[in-house]
**Student:** 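Okay, handing you the structure first.
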Protein chains: 2
Amino acid sequence: MGLPPYLRIASELRARIASGELRAGQRVPSTRGITEEWGVALATATKALAVLRQEGLVRAVPGVGTVVGGATVVPGPPRRGRRRETRELSRELVVRTAIALADAGGSGALSMRAVAAELGVSTVVLYRHVSAKEELVALVVDAVFGEVRLPVCGPDGRRARLEASARAQWALYRRHPWLAKSVSTMRLSSSPNAMRLLEWTVAPAVECGLGTAVTLAAFVRGIAVDLEDPVDERLGLGPDALLEFGLARLLDGLAPRTPERRPPGEGRR
Amino acid sequence: MGLPPYLRIASELRARIASGELRAGQRVPSTRGITEEWGVALATATKALAVLRQEGLVRAVPGVGTVVGGATVVPGPPRRGRRRETRELSRELVVRTAIALADAGGSGALSMRAVAAELGVSTVVLYRHVSAKEELVALVVDAVFGEVRLPVCGPDGRRARLEASARAQWALYRRHPWLAKSVSTMRLSSSPNAMRLLEWTVAPAVECGLGTAVTLAAFVRGIAVDLEDPVDERLGLGPDALLEFGLARLLDGLAPRTPERRPPGEGRR
DNA sequence: ACCTGAACACCGTTCAAGT
DNA sequence: ACCTGAACACCGTTCAAGT
């Protein structure tokens, strides 16, 4: 039949829902899953899911994925006081919805129009909460970096702390494969939560400057941009193996196991 | 006046051309220059130049920038044989034009429609030479990596060779500030010229595996993504200082000055 | 057979008309 | 005063109508 692939996939999924094979609350295939099952590009998978979302058949749930069921209330913060029952649009809800869409559909799914549609409001309404998409992306990145839980008395050895920081960042990029691309379009230093992480990385006991933390962060992000697309194995190394190999070597340079050199004075900020 | 900023800038530049302040062949301000002179975003600068290009007042010249003068023949390869005089559209010319546009207007200026407009053909024509934008970007990246001139008998010391490779890559990213973002949307391993560079990096004499070259490349690219936007100095370090600091530490790890450890067997491909 | 204008399905952002 | 449909200026890609 002559349907474009994304419509064909959408109607196959629609049939699965209609037949009861996929029930309300159950997850439909993720974009990644769709690219594998149908052998199509990420953009096609994203569009297929967007069709079903538009129809109200499925919705994006933060931290879960795309599930069957009409767009209802995105789980919000615990209600306090006697506010009226209807969900109130807030900057936080906009940001949370954007994250849910990106988690479900990749970086291509993070658009002003898609966020508005998911919330059931017209696009212009978003501009009451953010000045432009650029600001939304910055808020989204900051919110995601806010997920990182840093131990208050973390490891004090330099190498251990740098490694802990790098692994925390890597875990974040793994959890949100679209994140590295979004980070690449903004200044990480404009995110308070990212700065908090960088400063934790080079806490006083570690005795090195912010440049060390930024170098580490650039390396981790440099590998993480490959997380969104399916790996090709031509290099014989997937992103995880690359991270392990490169991180070990970088730590050797930044924090030799036998401490003999201290990173040059870069100004402790 | 109520004109949007990009039209205001376009008409100011138009006036400079009309008055003779900017003459045929001379360079008009680059997008970077416009962002600084008028205090606007990169996208605005790009749009302003696009207006003038559409009008045929200026054109993008590979390796030079945007210059005054109607869209005529982009300098092509030396003509051989007795082909007719009219410029013939080829995949190579499409790629060269795309590079010129990106050099002149940043990564945002690399669009199918803009390339077609610059060549004076309709957009569909491009699809006779590339299958999709994705392929065009891959070709553009490969062509740019082809600019790197590698010494046939390069440095044989491991550290010296790794450093030479990293600096060659950095120079490329500096020359094409949009490159890192384009590379981030594709697999570097799909570019023959990039693979050539990676293999040169870990030539037999250097005694390490491709993983070393890929680690180095990920680090350099991770810092290079910040090259397109104007720096903020909140971290106290610009990309150049970051590269110097991080590269030195990474080399310490990958190729210690007193060679005592050899990178683990990663398979020499 | 070849070529391309117009369309389709998007995008971010703004304006003007409506309540 | 507030809200939003429709518009504007894009984007990548495809189709169908024209020569």
Side-chain angles (χ1 to χ4, degrees), chain A residues 1-10 40-55 88-89 94 98 101-102 105-140 182 185, chain B residues 1-10 40-55 86 88-89 94 98 101-102 105-138 140 182 185:
Chain A
M1 60 179 104
L3 277 180
Y6 78 100
L7 285 181
R8 194 167 49 78
I9 294 168
V40 295
L42 204 70
T44 307
T46 302
K47 278 163 88 176
L49 287 181
V51 167
L52 299 180
R53 215 153 43 223
Q54 206 89 350
E55 292 170 356
E88 211 149 320
L89 194 56
V94 170
L101 282 177
S107 53
L110 206 170
S111 79
M112 298 294 279
R113 289 169 116 104
V115 171
E118 178 74 14
L119 287 164
V121 300
S122 87
T123 313
V124 273
V125 173
L126 300 185
Y127 289 89
R128 283 208 296 277
H129 299 94
V130 298
S131 64
K133 188 187 181 182
E134 198 178 337
E135 186 181 30
L136 175 58
V137 171
L139 291 169
V140 157
S182 293
T185 68
Chain B
M1 60 178 105
L3 277 181
Y6 79 99
L7 286 180
R8 194 167 49 78
I9 295 168
V40 294
L42 204 70
T44 308
T46 302
K47 279 163 85 175
L49 288 181
V51 167
L52 300 179
R53 214 155 42 223
Q54 206 88 349
E55 292 170 356
T86 75
E88 212 150 318
L89 195 56
V94 170
L101 281 177
S107 53
L110 204 170
S111 78
M112 299 294 279
R113 289 169 114 101
V115 170
E118 178 74 14
L119 287 165
V121 300
S122 87
T123 313
V124 272
V125 173
L126 299 185
Y127 289 87
R128 281 208 297 277
H129 299 93
V130 298
S131 66
K133 188 186 181 184
E134 199 177 337
E135 186 181 30
L136 176 58
V137 171
V140 156
S182 293
T185 68

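Naming: A, B, ... by sequence-line order, numbering from 1 per chain.
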**Student:** Between P on dT13(D) and NZ on K133(B), what's the gap in Å once rounded to a whole number?
**Tutor:**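 So the NZ-P distance, K133(B) to dT13(D), works out to 8 Å.
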**Student:** Check L110(A) against A102(A) and note the closest heavy-atom contact, atom names and distance.
**Tutor:**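 The answer is CD1-CB, 4.2 Å.
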**Student:** Please report the distance, rounded to the nearest Å, between CZ in R128(A) and C1' in dG12(C).
**Tutor:**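 Rounded to the whole Å, the gap is 17 Å.
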**Student:** Grab the CG-P distance between L136(B) and dG12(D) for me, whole Å please.
**Tutor:**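 Rounding to the nearest Å, CG of L136(B) and P of dG12(D) are 9 Å apart.
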**Student:** Using atom C1' in both nucleotides, what's the gap between dA9(C) and dA9(D) to the nearest angstrom?
**Tutor:**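 Pairwise C1' distance, dA9(C) against dA9(D), rounds to 16 Å.
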**Student:** Any idea which heavy atoms bring S111(B) and A114(B) closest together, and the distance?
**Tutor:**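 S111(B) and A114(B) have their closest heavy atoms at OG-N, 3.0 Å.
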**Student:** May I ask which nucleotide in the shown strands pairs with dC3(D), Watson-Crick or G-U wobble, both distances under 3.5 Å?
**Tutor:**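 Matched dC3(D) with nothing under the 3.5 Å cut-off.
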**Student:** Within the pair Y127(A) and dT14(C), is there a side-chain N or O less than 4.0 Å away from OP1 or OP2?
**Tutor:**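 No, no such contact exists.
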**Student:** Grab the CE-C1' distance between M112(A) and dT14(C) for me, whole Å please.
**Tutor:**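 From M112(A) CE to dT14(C) C1': 12 Å.
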**Student:** Let me spell it out: for each of R113(B) and V125(B), pick the nucleotide of DNA chain C with the closest heavy atom. Which residue's pick is nearer the 5' end?
**Tutor:**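 Its nucleotide being nearer the 5' end, the pick is V125(B).
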**Student:** For residues E134(B) and V137(B), determine if any side-chain heavy atom of one lies less than 4.5 Å from a side-chain heavy atom of the other.
**Tutor:**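 No - every pair of side-chain heavy atoms lies 4.5 Å or more apart.
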**Student:** Can you tell me, in whole Å, how much space there is between the P of dG18(D) and that of dC8(C)?
**Tutor:**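 Going atom to atom, P in each nucleotide, I get 16 Å.
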**Student:** Quick one: on DNA chain C, does A114(A) or V124(A) contact a more 5' nucleotide (nearest heavy atom)?
**Tutor:**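 The 5'-side residue here is A114(A).
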**Student:** Whole angstroms only, please: what is the CG-P distance between L126(A) and dC3(D)?
**Tutor:**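 Nearest whole value for this atom pair: 14 Å.
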**Student:** Using purine N1 to pyrimidine N3 plus N6-O4 or O6-N4 for Watson-Crick, or N1-O2 and O6-N3 for G-U wobble, each under 3.5 Å, what pairs with dG12(C)?
**Tutor:**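 Because both required distances fall under 3.5 Å, dG12(C) counts as paired with dC8(D).
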**Student:** Could you tell me the separation between the CD atom of E134(A) and the C1' atom of dG12(C), rounded to a whole number of Å?
**Tutor:**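 These atoms are roughly 12 Å apart.
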**Student:** Going by purine N1 to pyrimidine N3 plus the second Watson-Crick contact, or the G-U wobble pair, all under 3.5 Å, which nucleotide sits opposite dA17(D)?
**Tutor:**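 For dA17(D), the partner nucleotide comes out as none, under the 3.5 Å rule.
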**Student:** If you measure from the C1' atom in dC11(C) to the same atom in dA7(D), how many Å do you get, rounded?
**Tutor:**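 14 Å, rounded to whole Å.
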**Student:** Would you name the heavy atoms of M112(B) and V130(B) that are closest together and state the gap between them?
**Tutor:**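 Distance-wise, the nearest heavy atoms are CE-CG2, 4.0 Å.
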**Student:** Whole angstroms only, please: what is the CG-P distance between L101(B) and dC11(D)?
**Tutor:**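 In whole Å, dC11(D) P and L101(B) CG are 11 Å from each other.
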**Student:** Does some side-chain heavy atom of V125(A) sit less than 4.5 Å from a side-chain heavy atom of L89(A)?
**Tutor:**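 Counting from C-beta outward, L89(A) and V125(A) do come under 4.5 Å.
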